[in-house]
Amino acid sequence: MAKKGLSRRELLGTAGAMAGAMLLPGTARATSRMQGANDKIVLGLIGCGGMGASNMRTVMNHAEIDVAALCDVDLARIPGDYRTVMNKYGRAPEVYRDYRKMLERKDIDAVIIGTPDHWHALNFIHASEAGKDVYQEKPLSHNIVEVLAMAKAHRNAKNVVQVGTWQRSTREFTDAIAYVRAGKLGNVTQCRAWITDTFQAGNQKPTAPPESMDYDFWVGPAAWQEYQANRTHYNWRWFTNTASGLSGDWGVHMMDIALLGMSMDQDLVMPTEVTAYGGRWAFPNDDRTAPDTTEALYHFEDPHWVMHWSVLRDHPGKPGHGTEFVSSDGRTLRVWRGGWLLLDPDGKEMPKEQADPTGDHWQNWIDCIKSREKPRADLQSVAQTTIVCHLTNASLMSGQTVHWDKKKMDIVSKAGRDTLAYHREYRKPWGHPLIG
């Protein structure tokens, strides 16, 4: 097991050369706001080196932002982000391994959470209890019980939370959603969403974790497994112990657009029944445990319509990801990252219309922190999409049709409840976020 802490000398040797001194909590006073910058929103980053770091770099381009602290259980993930903050603000951010210590700081207004999925619930609930606003990476949670607990924490804290489903702020998707909502496509009876999955984690055997990494803390509330490099950074997406496969990772993007188009606002329609088939069929000998093939159907009522979700490798004549709305008269609206189009029943492209632009996803979060209004990807809304993604895996894992009741916000009957997509027991000493 990795050591709980490293000396400054070990830290610098492990993490590489950095500009300035990197501080662990307790070695110096907490970094305070820059003089003359008291009107800035002071951020901390939980989870370096991946999407959390990408979000941090993006939001640092906004004048209202000041980054004061970085946190990661693997010190080797920190140097690039450390240098970025140093170069931007001319001073060193404080570095933490335990995010709870960062959350104790009164000068930090908000945090970006970019940890693996199995940590999202605890990170978010603790940040909410500490009174922090949050930019939360997707998917929101590892399972349904967690996302319901996160929604409760959000309601209690009344904090401003923007989820990283940034497609809600990009022109092609907002145009498509506005077109469908305005009724210009007519009566929509079917939606399709899809993503290509060609990822293989490979085959590895357990080894000792790197000295820079507190692996016990990295596993956290998940079930204990010996360290394998192909299960950790980035690759955790393909293991059901730490994530929900592409149905969570990309379903929360592509199905989100279908649900938004079929709703009138952020309170989304949700299916009453979900049936899914799939497994590790394309790469059965790979170490990954999440399915590489999924075909799912979702039944919606009042009015009746169906959604189809597909994870596979062949989408002839279409982008490798996308969302489609199909009207009762055979017209199709197709949208993907980079464009959208309208097709008549014979497949001929038709003229389309643009809606008013929505603006930057990160600026929307900043503006809402100031105004205390609801951001474009509010947690309560994206929680609904996240649950739909988890229902996919609950059906697939149980081999049964799963029934959902939106009024109760719970699975009806036993089918799907006894799955990792619905809930998990937390590994001690971590406590499960309870719903009461």
Side-chain angles (χ1 to χ4, degrees), residues 138-139 162-197 246-271 294-298 300 305-361 364 375-378 381-382 384-386 388-389 392:
K138 41 57 61 181
Q162 181 84 298
V163 183
T165 49
W166 50 264
Q167 290 179 172
R168 291 191 177 202
S169 298
T170 55
R171 190 63 184 267
E172 62 270 27
F173 292 102
T174 56
D175 283 351
I177 291 166
Y179 192 91
V180 174
R181 284 183 174 181
K184 295 176 181 177
L185 192 62
N187 178 32
V188 175
T189 56
Q190 182 180 16
C191 293
R192 306 187 190 103
W194 66 91
I195 182 63
T196 298
D197 185 355
L246 277 185
S247 288
D249 198 52
W250 270 79
V252 77
H253 281 307
M254 308 320 304
M255 285 191 277
D256 188 52
I257 300 305
L259 298 175
L260 282 165
M262 299 300 288
S263 308
M264 293 312 297
D265 51 34
Q266 287 209 57
D267 182 17
L268 304 182
V269 294
M270 298 185 75
T294 302
E295 294 288 340
L297 283 175
Y298 312 76
F300 296 79
W305 60 281
V306 295
M307 179 170 69
H308 173 237
W309 166 246
S310 179
V311 178
L312 56 131
R313 280 143 295 281
D314 182 23
H315 304 283
K318 300 180 182 181
H321 66 273
T323 304
E324 289 183 339
F325 301 84
V326 183
S327 71
S328 56
D329 62 12
R331 288 176 294 154
T332 299
L333 187 156
R334 180 183 303 157
V335 60
W336 64 96
R337 290 182 178 179
W340 70 290
L341 53 77
L342 288 170
L343 301 172
D344 69 14
D346 295 321
K348 182 179 179 181
E349 191 166 348
M350 301 169 58
K352 58 190 182 185
E353 301 176 14
Q354 285 190 324
D356 294 333
T358 54
D360 180 86
H361 198 64
N364 175 243
R376 201 168 294 128
D378 178 63
S381 177
V382 183
Q384 296 170 325
T385 300
T386 307
V388 174
C389 297
T392 311

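Minimum heavy-atom separation, His315 to Gly320: CD2-O, 4.0 Å. When every heavy atom of Met350 is checked against every heavy atom of Leu343, the shortest pair comes out as SD-C, 3.7 Å. Nearest heavy-atom pair across Thr386 and Val252 is OG1-CG2, 3.9 Å. Taking each heavy atom of Ser328 and Thr189 in turn, the nearest pair found is CB-CG2, 4.1 Å.
Between Met307 and Val388, the closest side-chain pair of non-hydrogen atoms falls below 4.5 Å. With a 4.5 Å cut-off on side-chain heavy atoms, Arg331 and Val326 do not count as touching. Here the side chains of Glu295 and Leu312 are in contact, with some heavy-atom distance below 4.5 Å.
The aromatic rings of Phe300 and Trp305 lie parallel to each other, with less than 30° between the two planes, well short of the 60° mark.
With no hydrogens or angles considered, a side-chain donor-acceptor pair links Asp267 and Gln384 at under 3.5 Å. No donor-acceptor contact under 3.5 angstrom links the side chains of Glu324 and Thr332, judged on distance only. Side-chain N/O atoms of His361 and Gln167 include no donor and acceptor closer than 3.5 Å. Between the side chains of Thr165 and Arg376, no donor-acceptor pair of N or O atoms lies under 3.5 Å. Between the side chains of Gln162 and Arg168, not a single donor N or O lies within less than 3.5 Å of an accepting N or O.
Heavy atoms of other residues, nucleotides or ligands lying less than 6.0 angstrom from CG of Asp265 number more than 12.
Scored by the side chain to side chain donor-acceptor pair (under 3.5 Å) test, Glu353 finds Lys184 as partners (sequence neighbours excluded). Residues forming a salt bridge (charged side-chain N to carboxylate O under 4.0 Å, His left out) with Lys352 (at least two apart in sequence, or on another chain): none.
For the pair Lys318 and Trp336, the cation does not sit on the ring face, since its NZ or CZ is not both under 6.0 Å from the ring centre and inside 45° of the axis.
Judged by distance alone, with hydrogens and angles left aside, the side-chain atoms of Trp309 form no donor-acceptor pair with the main-chain N or O of Ile195 at under 3.5 Å. At distances below 3.5 Å, not a single donor-acceptor pair connects side-chain atoms of Arg334 with backbone N or O atoms of Thr323.
In this structure, CG in Asp256 is found 3.5 Å from OG1 in Thr385, a value given to the nearest 0.5 Å. With values rounded to the nearest 0.5 angstrom, Phe325 atom CZ is found 10.5 Å from Trp340 atom CH2.
The side chain to side chain donor-acceptor pair (under 3.5 Å) analysis of residues 170-182, with sequence neighbours excluded, yields the pairs Arg171-Asp175, Arg171-Gln354.
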